[in-house]
Amino acid sequence: MFRFLVMAAAMTLSTSHAVAGGHGGGDPPPPKVETPTAPAKVILTKQGPKLVDLNGMTLYIYERDTTGKSSNCNGKCTESWVPLAATADARAVGDFTVISRDDGSKMWAYRYRPLYTSPADKAPGDANGIATTLQWRVARPEN
């Protein structure tokens, strides 16, 4: 008889646990809404605000990128200026948009200006990629 009571209690507990977990009725939980994350952030420096990637590396724009739909830095250019890569399913968020590159990959743009990092920058905050003669500039929120 005691075994029977123990088994009955165990069955009752497991059944009530399943019902409490949402398996036995009631409203299902609402679906999770994922908020897209911006690919970059603004930091304040002595030279003013600038855009950095999520690792803190300085982002740059190329003055020849004027259409907002494509990048003019392809092939060998990407050895010196690395496009800020976006996943194939990335979607625009705020002032950040996604553009397609000549090779079919995607990259991030800020206010329709493609964004790049420079291999010359070795640590977060470095800005060694500035090349005014080549029309490269630090990306700033007002660009």
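Counting begins at 1 with the first residue of the sequence.
- Hydrophobic clustering keeps Val138 apart from Met57 (ILVMFWY residues linked when any side-chain heavy atoms are closer than 4.5 Å, directly or through intermediates).
- For the pair Trp136/Cys73, a side-chain contact is recorded, criterion being any heavy-atom separation below 4.5 Å from C-beta on.
- Minimum heavy-atom separation, Lys41 to Leu54: NZ-O, 4.2 Å.
- Smallest separation of non-hydrogen atoms from Met107 and Pro83: CE-CB, 3.6 Å.
- Side-chain contact check for Ile99 versus Pro114: some heavy-atom pair is nearer than 4.5 Å.
- Inter-residue side-chain proximity for Asn74 and Asp103 is flagged as unmet; no heavy-atom pair is nearer than 4.5 Å.
- Closest approach of Thr58 to Asp121, counting heavy atoms only: CB-OD2, 3.7 Å.
- Tyr110 is not listed as a side-chain neighbour of Pro39, based on a closest heavy-atom distance of 4.5 Å or more.
- Scanning both residues, Leu44 and Pro49, for their nearest heavy atoms gives CD2-CB, 3.8 Å.
- Contact check on Arg113 versus Asp65 returns no salt bridge, with no Lys/Arg side-chain nitrogen under 4.0 Å from an Asp/Glu carboxylate oxygen.
- Side chain of Lys69 to main chain of Thr66: no donor-acceptor pair is present (N/O by atom type, distance under 3.5 Å, no hydrogens or angles).
- Applying the side chain to side chain contact (heavy atoms under 4.5 Å, CB included) test between Leu84 and each of Tyr60, Trp108, Phe96 identifies Trp108 as the sole match.
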